[in-house]
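One structure below.
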There are 2 protein chains.
Amino acid sequence: MPVTIRDVARASGVHISTVSRTFSAPHLVNPETRVRVLACAEDLGYRPNRAARALITGRTHNIGLIIADIANPFFPPLIKAAESQARSRDYHVFVADTNEDPSAEEELVHALAKQVDGLLLCSPRMSNSLIEQLSREVPLVVVNRQLTGLPCVLMDVGQGARLAVDHLVGLGHRQIALLGGPRGSWTNREIRRSAAAAARAGGAELTVLGPNPPTEHGGIAQAEHVRRSGVTAALAYNDLMAIGLIEGLDALGVDVPRQVSVVGVDDITLSRLTRPKLTTVATPTAAAGRTAVDMLLQQDTDLPRAARGSGAGAAVGVRRTTAQVMLQTELVIRDSTGPGPHAGRGRSGAAPAGPGPHRRADPGDPVTVAGSDVAS
Amino acid sequence: MPVTIRDVARASGVHISTVSRTFSAPHLVNPETRVRVLACAEDLGYRPNRAARALITGRTHNIGLIIADIANPFFPPLIKAAESQARSRDYHVFVADTNEDPSAEEELVHALAKQVDGLLLCSPRMSNSLIEQLSREVPLVVVNRQLTGLPCVLMDVGQGARLAVDHLVGLGHRQIALLGGPRGSWTNREIRRSAAAAARAGGAELTVLGPNPPTEHGGIAQAEHVRRSGVTAALAYNDLMAIGLIEGLDALGVDVPRQVSVVGVDDITLSRLTRPKLTTVATPTAAAGRTAVDMLLQQDTDLPRAARGSGAGAAVGVRRTTAQVMLQTELVIRDSTGPGPHAGRGRSGAAPAGPGPHRRADPGDPVTVAGSDVAS
DNA sequence: ATGAAAGCGCTAACAA
DNA sequence: TTGTTAGCGCTTTCAT
């Protein structure tokens, strides 16, 4: 039988409430009593039952991570960081994989809601309105999506796309393709907008191809189009797609970077290992995981004790944290980009090969941003 | 305020126990009452509080996954499969990352023990005796480690290593290196034993290099040794190491597979994407995750209701499931292996290039094995 | 500083 | 078939 608070009380000759206090409010108990109780607890191997505790405090000390696809290499570092951060604050984390399915996502959120103090929605696929509705049931932090009035952790892929396009223009490319990601992705929209602006500013033409599935196959499938379109460079929605594109071009006999330069987004581990090594926009996924957990727990701490049980946020007059954090990205220049037809002219934006002087943005240096709405 | 069983009772004009029964023993309640209760529950958005339920039933309907390193690409497919399988049985899963640290592992197991009905230990790093002790506190299933009397899910990497060595011998290699994995890894020991036997049988000499960290760097670091040792082929503990080795050899001007053939183990997604594509022993990680969850929940179901609370297994006379499941592996031949100096002689064990007739072992076809002890 | 008592939301005998 | 009652392990007033 598992040892309960009562066993400890009996062993140390005090009332169970004293034992309880020893753990949840140590300063309220006589130091001598405390050590005695602690000793007995240690002895018996007592661990408070969190379910029982949750029942009365309304705090489970659990959080939930809703992930679009664990097998997508973008997510594991985020999960790892989030889990580690949560644990350091004595929280445990449920991980749930939605398989990129919006309705599975909704179901999961509901199933978990009662068991957690808050949820991290990572690259959610459901509609904004559903998310807003959910946020009334359970504290939420959204990663990679911007919603008015909700705490979000965003990666500045817009900035990244700008750096990427500048890099390509500097190398002498004037015809650039953009391989778009999934419809309705906030990240995708940001990339497109910034890439377009940067291309315009640099006197280059941007051809948007897509939307595409955010996978290797999405990239392979576009290789033929890329070749025919006559572009000399391409920016892909993510690394997986970029790697697929390189593969596809290779199969068509098109050399990367000699004939076409390719840039990805994410800097997944994989990107250092392919041949050629991928030039890419590094997104601070670990920092995002940590930050998101911090924001969630902050929210949790802020809530008045009265508003207990899940769905606490619904209580009248409760101040919500709605900070939106924008994490910086950086361009990592490797071997998949090279000189284009207009090389040597204009200002030398072309970085030298190798791990050149790429923009170094400290991932631990978030920029808080006033939240403004963006549809979907 | 969250809606409780009492709200539903009030709304449908029955006692709370009837509502309770409607959910946990529907057959005991009048169909008409049932639909009414269900309707009210639906209306109010009622969801049973699992913590409260757990408190009395002793079943949390949660399981825990203890993972050595989520960022290691070997694990995500396993996690994904396990989570999906668990959910289909209405279980939620805690994921905890130990960072390959045995003591973190122990701490985590204890922290989680009270909150789960069972734990999956994936490639555990702690000692056998500790695991055995733990298994008395909480139902356990161990993946990638064999212990007497404990349910284990094993991948037959021994068979895989044999296939790999046979393949190399068939290609005409007679001097083969084995890049060992971490000390104390069951997988490592199996690979070494089988590879040695297969080499002996094939008239080849096997040189063991290591132990090495199971990472890309582990492989890079051995490149120089491999070159100097004069072998013409190498089998690595895992794909990451194999990829690192290829990288390292490349840096030394040694061509793979022309001068040295390389084989990995695991068949992580990455391995299809490197150049050259990696020949490797595919381990059925998803099947392992599914199977392990099944075994755990089976155990859970078997336990008599009397033995409630966690640590149920400790009750006297409780029959434990101790089946050990061995999952088949297969050799996937890609581009990192080619003819060796003795090619053309002997029987043509050399498979043709391409996705040839490699051994097809159905991952859904486990072989149950009588458990026999293996230290560490 | 400690004890007594109530009760979190739910299930499980037992009665009716 | 339904209601009554007790209580899972814990925290938290309220007394003392």
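Lettering follows sequence order; numbering is per chain, from 1. Since this is a predicted model, take the numbers as computed values, not measurements.
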request  = Identify which nucleotide among C/dC10, D/dC10, C/dG3 has an atom closest to any side-chain atom of B/A52, counting heavy atoms from C-beta outward.
outcome  = C/dC10
task = Check each of A/L65, A/V93, A/I66 against A/L120 using the side chain to side chain contact (heavy atoms under 4.5 Å, CB included) test, and report the only one that passes.
result = A/L65
ask   = Rounded to the nearest Å, what distance is computed from the CZ atom of residue A/R10 to the C1' atom of nucleotide C/dT2?
value = 18 Å
Minimum-distance nucleotide to A/R6 side chain [options: D/dT1, D/dC8, C/dC10] = D/dC8
inquiry  = If you assign A/H27 and A/I16 each to the DNA chain C nucleotide with the nearest heavy atom, which residue ends up on the more 5' nucleotide?
reply    = A/H27
ask   = Checking only heavy atoms, does the side chain of B/R21 share a donor-acceptor pair with the base of D/dG3 at less than 3.5 Å?
value = yes
ask   = Can any side-chain N or O of A/N99 pair as donor or acceptor with the backbone N or O of A/D101 at less than 3.5 Å?
value = no
ask   = If you look at every strand shown and take non-hydrogen atoms under 4.0 Å, does B/F23 touch a base, only sugar-phosphate, or nothing?
value = nothing
note = To the nearest angstrom, the CG-P distance between A/N49 and D/dT11 comes to 9 Å
Polar pair under 3.5 Å, donor/acceptor by atom type, side chain A/R47, base D/dG9 = no
key: Ion pair B/R47/B/E42, N-O distance below 4.0 Å   = no
task = For A/I56 and D/dC8, give me the distance from atom CD1 to atom C1', rounded to whole Å.
result = 13 Å
ask   = Would you say a side-chain N or O of B/T33 is under 4.0 Å from OP1 or OP2 of D/dT2?
value = yes
message = As a test of reading the structure: which of D/dT11, C/dG3, D/dG9 is closest to the side chain of A/R53, going by heavy atoms?
response = D/dT11
inquiry  = Rounding to an integer number of Å, can you tell me how far A/H15 NE2 sits from D/dC14 P?
reply    = 17 Å
ask   = With nearest nucleotides of DNA chain C determined for A/T18 and B/A51 from heavy-atom distances, which residue corresponds to the more 5′ nucleotide?
value = A/T18
task = Using whole Å, report how far CZ of B/R59 lies from P of C/dA12.
result = 11 Å
request  = Give one of base, sugar-phosphate or nothing for B/S20, where a contact means two heavy atoms less than 4.0 Å apart.
outcome  = base
query = Among C/dC8, D/dC8, D/dT12, which is the nearest nucleotide to the side chain of B/L55?
reply = D/dC8
ask   = Is a salt bridge present between B/D69 and B/R125, judged by a nitrogen-to-oxygen distance below 4.0 Å?
value = no
message = Using whole Å, what does the distance between atom C1' of nucleotide D/dC8 and atom NE2 of B/H61 come to?
response = 16 Å
message = Can you tell me if B/S17 touches the phosphate of D/dT5, counting only side-chain N or O atoms and a distance under 4.0 Å to OP1 or OP2?
response = no
request  = Assign the ring pair B/F94 / A/F94 to parallel, tilted or perpendicular, where the plane angle (0 to 90°) is split at 30° and 60°.
outcome  = parallel
task = Report the distance from atom CD1 of B/I5 to atom C1' of C/dC10, rounded to the nearest whole Å.
result = 6 Å
query = Please give, in whole Å, the distance from C/dA1 P to A/R36 CZ?
reply = 14 Å
